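Have a look at the structure below, then the notes.
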Amino acid sequence: MRYTQYYIPTLREIPSEAELDSHKLMLRAGLIRKAAAGIYSFLPLAHRVLKKIIRIVEEEMDRAGGIQVLLPIVQPAEIWHQTGRWNVYGDEMFRLRDRHGRDFCLGPTHEEMITTLLKNEVRSYRDLPLRIYQIQNKYRDEIRPRFGVMRAREFIMKDLYSFDRDEEGLNRSYEAMYEAYERILTRCGLKFRAVEADSGAIGGDVSHEFMVLAPAGEAVILYCEACNYAANNEKATAALPATAGEPLLEVEKVATPGQATVAEVTAFLQVAPEKLIKTLFYKTETEFIAVLVRGDDDLNEIKLGNLLNQPYWLAPPEEIAEQLGLPVGYVGPVGLKEKGVKVLADHRIKAMKNAVCGANAQDFHLLNVNLERDFTVDTFADLRLAKAGDPCVHCGQPLQETRGVEVGHIFKLGTKYSAAMNATFRDEDGIEKPFIMGCYGIGITRMMAAAIEQNNDEDGIKWPLPIAPFQVIILALGEEQKAAAEQIYQELMAAGVEVLFDDRDERPGVKFKDADLIGIPLRLTVGPKSLAQGEVEVKVRMTGEDFRWPLAEVTARVLAYLKEQDPAGV
RNA sequence: CGGGCCGUAGCGCAGUUUGGUAGCGCACUUGACUGGGGGUCAAGUGGUCGCAGGUUCGAAUCCUGUCGGCCCGACCA
């Protein structure tokens, strides 16, 4: 492709709307332009990248037994009513009405659509398993779109749905997808980690997320280097510490005037934060709930939500004061039962001896408080936010922390949708059974952004070779070099290399800057200095390495380099 | 939805307090010089000042309404 016949509108100035590096660079490198909040046009370079990612995804889906289809974007409300999600989805769903007054939505996901399609077609276990996928636009009216295409309202996603006759089949489908996702991300040249994840509202018990590692990623990942345990911090758990062996002491009430926070109390009483019991109050529609965590721990609200399984919110201090007569900052578990408050506690509370907590009286705390003797707990559960340094649940080694962008998420759904929609097949034993389903999503547009987030520097993007819009860029520095550059261009084209030829009448500085910005992996510079010696200058964008190659060998060397770096590529 | 802020040329912004008929940088066009990391000079093109209504001799500027966007938070298969 000749630069002069192509369209790459690079920007020198940084548009003010962008925060993330990847967002800024996608605007500056001429990849995307915004049409509305969270709605983007993809320009030629971005389109080439998306096509490459899509091709890799398709190859790996097909290898894993996937069958490609294309499902509607516009979906009738009726199927969403069947699973109850028309109401559950709320404002996040784009809704529309046709001229006859019938309700539709723009599909945020396709479980309902695919289940509806198959339930009318697949009648027998002989037709199973089926792994159906599509690559389609999805629509979610995000409450706050941000970070460019990273959290957009319109985005491209690959979603595959598996239909099996039993759990064993589901497990096979799930494993096939897990491996396919590892292959996809590896082939795209991305550093990533698969982590155990919370399955959220979609249901099911097993779920993994695929995280592209990047410091600016929204997700926090905890992992163990010793045994490979890795989990999203929403889900991560840690091993319990041993119970302290100290003898129980008498409860003592001490004055702690003006010392309300954990930091203040530990400093004032000269005790470690892990000796404190932190008491938080939550409300549901029907009751107050006290949640106990250790002073050095934070509550994981997602775990709490999964345990409560109903709407809940942090109780406002005024309500705690008025309805329970308790001063926030000096609350503790002692005597809460008598006030009719349900008490939940993190497992770590069990191991505490002679703890410190609020006395439920303004400006007083209690020392040497002990479980059973001084207070009781209704339910123990894992409620704390795991953090770096915690002992791994599997092997006890300290957990590490890193951040990532969630690009893929796979779920075992079971019969949640098939049962709700009465999607059944006749099994070998003659019994009508609901499909055992799984769903597996990977964000195509988000992967592009994550790749940039992971691979950039102050000069621009550094595309991994397998998903780069072009493999090679040729810079002809001046008029005298154009002929030699043209010849290399023709040779590389003939050899099937994806090459961008910067034939613009621009100053060298402009060409260097643009080449770095758009991040083509291999840069060939044809300039007066090297050309006089019959050579071409070569620079590797990702590593910064540079070489000089004789003019006559350029094509062969380029081909060898590409082959070495990306054997699966052209 | 709550809090903070912003809509002026394709992009980034000034001008609004104190009303007088719109400006700077980048980009773009033309020419000359220049030619290894966004070069210099000169001459240009481009704006219903988000939209609607009002006040006024006169509104980017004041008032009312409305639409859109950004940041923080709640939320997020």
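All values derive from a computational prediction rather than experimental measurement.
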I'd like a table of donor-acceptor pairs (distance under 3.5 Å, sequence neighbours excluded) in which one partner is a side-chain atom from residues 524-532 of chain A, with atom names and distances.
{"residue": "A/Ser530", "atom": "OG", "partner": "A/Glu535", "partner atom": "O", "Å": "3.4"}
{"residue": "A/Ser530", "atom": "OG", "partner": "A/Glu537", "partner atom": "OE2", "Å": "2.7"}

Measuring from the side chain of [X] (C-beta onward, heavy atoms only), which nucleotide among [options] has the closest atom?
X       : options             : value
A/Ala37 : B/C70, B/G37, B/A74 : B/C70
A/Glu13 : B/C76, B/C75, B/G12 : B/G12
A/Arg28 : B/G36, B/G38, B/G35 : B/G38

Check whether any side-chain N or O of A/Asp503 sits under 3.5 Å from a backbone N or O of A/Thr4 as a donor-acceptor pair, and report yes or no.
->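 Here the side-chain-to-backbone pair exists.
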Spacing of the [atom1] atoms in [M] and [N] (rounded, Å):
N     : M     : atom1 : value
B/U8  : B/G47 : P     : 15 Å
B/G20 : B/G65 : P     : 25 Å
B/C70 : B/U30 : C1'   : 38 Å
B/C49 : B/G37 : P     : 44 Å
B/U18 : B/C33 : C1'   : 47 Å
B/A74 : B/G3  : P     : 16 Å
B/C72 : B/G15 : P     : 25 Å
B/C71 : B/G53 : C1'   : 31 Å

With heavy atoms under 4.0 Å as the rule, sort [X] into base, sugar-phosphate or nothing.
X        : value
A/Lys529 : base
A/Pro108 : base
A/Asp159 : nothing
A/Leu531 : nothing
A/Arg504 : nothing
A/Lys34  : sugar-phosphate
A/Met157 : base
A/Gly527 : base

Starting from [atom2] on [N], measure out to [atom1] on [X] and report it in whole angstrom.
X        : N     : atom1 : atom2 : answer
A/Arg33  : B/C11 : CZ    : C1'   : 9 Å
A/Asp141 : B/C75 : CG    : C1'   : 12 Å
A/Arg151 : B/C72 : CZ    : C1'   : 15 Å
A/Glu142 : B/C70 : CD    : C1'   : 17 Å
A/Leu314 : B/G2  : CG    : C1'   : 16 Å
A/Glu479 : B/G36 : CD    : P     : 14 Å
A/Tyr282 : B/A74 : OH    : P     : 11 Å
A/Trp313 : B/G73 : CH2   : C1'   : 19 Å

Give none if [N] has no partner; otherwise give the nucleotide forming a Watson-Crick or G-U wobble pair with it, both distances under 3.5 Å.
N     : result
B/U55 : none
B/G31 : B/C41
B/U48 : none
B/G25 : B/C11
B/C70 : B/G4
B/G36 : none

Would you say A/Glu287 has more than 12 foreign heavy atoms packed within less than 6.0 Å of its CD?
->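 Counting other residues, nucleotides and ligands, CD of A/Glu287 exceeds 12 neighbours.
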Would you kindly compare A/Arg153 and A/Asp514 by the position of their nearest RNA chain B nucleotide and give the one closer to the 5′ end?
->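 Checking each residue's closest nucleotide, the 5'-ward one belongs to A/Asp514.
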Which comes earlier along RNA chain B counting from the 5' end, the contact point of A/Glu537 or that of A/Gly38, where each point is its nearest nucleotide?
->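 Here A/Glu537 is the residue nearer the 5' end.
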Lys/Arg N to Asp/Glu carboxylate O, [X] vs [Y], below 4.0 Å:
X        : Y        : answer
A/Asp457 : A/Arg541 : yes
A/Glu479 : A/Lys482 : yes
A/Arg523 : A/Asp546 : no

State which residues pass side-chain contact (heavy atoms from CB on, under 4.5 Å) with [X]; sequence neighbours excluded, sorted by chain then number.
X        : value
A/Glu545 : A/Val540, A/Thr543, A/Phe547
A/Asp159 : A/His110, A/Gln134, A/Lys138, A/Tyr161
A/Glu406 : A/Glu209, A/Met211, A/His409, A/Arg446
A/Ala451 : A/Leu190, A/Trp463, A/Ile467

Mind listing the residues from residues 210-222 of chain A sitting with a heavy atom below 4.0 Å of RNA chain B? Number order is fine.
->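 Here the set is empty: none.
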Tell me, please, which residues at least two apart from A/Arg95 pass salt bridge (charged side-chain N to carboxylate O under 4.0 Å, His left out).
->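 Residues passing salt bridge (charged side-chain N to carboxylate O under 4.0 Å, His left out) with A/Arg95: none at all.
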Report yes or no: is there a donor-acceptor pair, N or O only, under 3.5 Å between the side chain of A/Arg146 and the base of B/G73?
->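 Not at all, since no donor on one side and acceptor on the other fall under 3.5 Å apart.
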Would you say the base of B/G37 and the side-chain of A/Asp459 have a donor-acceptor pair closer than 3.5 Å?
->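 Counting by modelled atom types and ignoring angles, no donor-acceptor contact under 3.5 Å is found here.
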Return the set of residues passing side chain to side chain donor-acceptor pair (under 3.5 Å) with A/Lys511 (not counting sequence neighbours), or none when no residue passes.
->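 Listed in chain order: nothing, the list is empty.
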Under the ring pair (Phe, Tyr, Trp, His ring centres under 6.0 Å) test, residues paired with A/Tyr174 that sit two or more places apart |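 With neighbours one apart ignored, the set is A/His208.
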Ring pair (Phe, Tyr, Trp, His ring centres under 6.0 Å) against A/His81, all qualifying residues, sequence neighbours excluded =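 Only A/Trp86 meet the ring pair (Phe, Tyr, Trp, His ring centres under 6.0 Å) criterion with A/His81.
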Kindly give the atom pairs (protein nitrogen or oxygen, nucleotide nitrogen or oxygen) under 3.5 Å for nucleotides 39-46 of chain B.
{"residue": "B/G39", "atom": "OP1", "partner": "A/Arg12", "partner atom": "NH1", "Å": "3.4"}
{"residue": "B/G39", "atom": "N9", "partner": "A/Arg507", "partner atom": "NE", "Å": "3.4"}
{"residue": "B/G39", "atom": "N7", "partner": "A/Arg507", "partner atom": "NE", "Å": "3.2"}
{"residue": "B/G39", "atom": "N7", "partner": "A/Arg507", "partner atom": "NH1", "Å": "3.4"}

Summarise how protein sits on nucleotides 28-33 of chain B as a single string, 5' to 3': B when a protein heavy atom is under 4.0 Å from the base, S for sugar-phosphate-only contact, - for no contact.
-> ------
Distance-minimising heavy-atom pair for A/Phe435 and A/Thr424 |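 Reported closest heavy-atom pair: CZ-O, 4.0 Å.
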